[in-house]
Trainee: 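Before I ask anything, let me first share the structure, which is written out below as structure tokens.
Just the heavy atoms: all of them, side chains too, but no hydrogens, waters or symmetry mates, feed the values below.
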Amino acid sequence: MKARLTLSLFLVLPLILICASSALAASEAGSSPWTMSMLLWRVVNTVALLALLIYFLKKPLVNFFKERKAKIEQDLAEAVEQRRKAEELIKEYQMKLAGMEQELEKMRGELQKAAEGESQKVIASADKMSVAIIESAKIAAEQEVRKAKVALKDEAVTLAVELAESLIREKISDDDRKKIVEDYLVKVGGMK
């Protein structure tokens with residue numbers, strides 16, 4: 001830091017001297033109101049001001065820049081550390097992602113096998129249910145056929161009785177009826 005201040009003085013001092021010489025040349029030519037003593041006092045004042053500024057501000061400026069430099073170095077180190085951690089996290093997540101893809105493929109295979117197994121079970125269950133429904137329908141149909149047969153027999157008997165009655169009424173004359181009634185009364189009277 002001290003070397004920088006010295007370098008700054010060596011750069012500023014020639015500039016001041018160049019300005020002073022040009023002002024002196026202008027005063028000698030009579031175009032400037034500046035006299036040599038005024039110019040000399042200006043240079044002395046400027047140098048003194050710079051010396052005082054350097055004397056009083058040197059330590060705070062040096063401390064400020066040291067702290068600033070240390071802060072920047074610390075920030076850089078933290079940034080490097082955070083970058084390293086971020087890269088490690090990226091690698092870790094990439095590894096997990098690769099592992100997850102394998103795990104996902106494995107899970108897909110297992111799910112497909114399970115789905116196929118469930119599908120086979122459902123098909124088998126449906127087959128059993130269809131057989132049971134067909135058997136039940138057959139039994140119901142047989143029962144309906146039996147009921148229909150019984151109903152037909154009853155109807156046939158009823159019709160046969162009615163037909164017999166009508167035939168008997170048509171074929172039996174009044175004399176036959178009287179004879180039947182008399183035979184019946186004889187039988188009933190004989191029983192008494």
Side-chain angles (χ1 to χ4, degrees), residues 1 3-4 8 57-192:
M1 191 68 185
R4 285 185 185 171
S8 301
L57 295 178
K58 178 183 171 187
K59 200 170 188 175
L61 283 175
V62 167
N63 288 337
F64 171 76
F65 285 119
K66 277 184 182 177
E67 289 173 2
R68 184 73 182 144
K69 181 181 177 183
K71 177 73 174 147
I72 289 170
E73 287 174 353
Q74 182 182 359
D75 289 346
L76 282 174
E78 287 176 3
V80 168
E81 181 65 20
Q82 287 178 355
R83 181 181 178 142
R84 187 187 60 77
K85 287 180 179 178
E87 288 174 352
E88 286 177 3
L89 275 175
I90 288 171
K91 286 179 184 175
E92 184 180 327
Y93 282 122
Q94 285 175 343
M95 290 175 63
K96 284 183 179 178
L97 201 59
M100 286 180 71
E101 287 179 8
Q102 290 175 352
E103 186 69 24
L104 195 60
E105 275 302 316
K106 183 180 174 184
M107 288 175 67
R108 279 187 194 146
E110 290 175 356
L111 284 174
Q112 190 170 5
K113 285 180 184 176
E116 288 172 0
E118 286 297 319
S119 174
Q120 293 298 325
K121 286 181 184 176
V122 168
I123 289 171
S125 176
D127 287 343
K128 287 180 183 176
M129 286 180 66
S130 67
V131 169
I133 289 170
I134 289 170
E135 289 298 322
S136 175
K138 282 182 183 177
I139 291 170
E142 288 172 3
Q143 288 177 351
E144 289 298 320
V145 168
R146 281 188 210 131
K147 286 181 186 176
K149 284 181 181 178
V150 169
L152 282 174
K153 281 182 184 175
D154 291 343
E155 185 72 22
V157 168
T158 304
L159 288 174
V161 169
E162 288 175 2
L163 185 61
E165 279 181 16
S166 66
L167 285 175
I168 289 171
R169 285 184 186 165
E170 287 175 6
K171 300 249 177 176
I172 295 177
S173 64
D174 289 336
D175 293 335
D176 292 335
R177 284 188 197 131
K178 285 182 184 176
K179 187 177 178 186
I180 290 172
V181 170
E182 287 173 1
D183 289 342
Y184 179 71
L185 290 174
V186 170
K187 285 182 186 176
V188 172
M191 291 178 72
K192 287 184 181 179

Trainee: Output side-chain donor-acceptor pairs under 3.5 Å for residues 87-105, partner residues at least two apart or in another chain, one line each.
Mentor:
residue : atom : partner : partner atom : Å
E87     : OE2  : R83     : NE           : 3.2
E88     : OE2  : R84     : NH1          : 2.4
E92     : OE2  : K96     : NZ           : 3.4
E105    : OE2  : R108    : NH1          : 2.8

Trainee: Are E78 and E81 packed together at the side-chain level, in the sense that at least one heavy-atom pair is separated by less than 4.5 angstrom?
Mentor: no
Trainee: Supply the atom-to-atom distance E116 CD to K113 NZ, rounded to the nearest 0.5 angstrom.
Mentor: 9.0 Å
Trainee: Any chance you could measure L159, atom CG, to S166, atom OG, to the nearest 0.5 Å?
Mentor: 10.5 Å
Trainee: Residues two or more places apart in sequence or in another chain: which of them pass salt bridge (charged side-chain N to carboxylate O under 4.0 Å, His left out) with D154?
Mentor: none
Trainee: Once rounded to the nearest 0.5 Å, what's the spacing between atom CG of L152 and atom NZ of K149?
Mentor: 10.0 Å
Trainee: Rounded to the nearest 0.5 Å, what's the gap from CD on Q112 to OG on S119? Could you check?
Mentor: 11.5 Å
Trainee: Hey, what do you get for CD1 (I180) to CG (D175), rounding to the nearest 0.5 Å?
Mentor: 11.0 Å
Trainee: Under a 4.0 Å N-O cut-off, is there an ion pair linking K71 with D75?
Mentor: yes
Trainee: Rounded to the nearest 0.5 Å, what separates atom CG in L163 from atom CD1 in I168?
Mentor: 9.5 Å
Trainee: Are R177 and D174 close enough for a salt bridge, meaning some N to O gap below 4.0 Å?
Mentor: yes
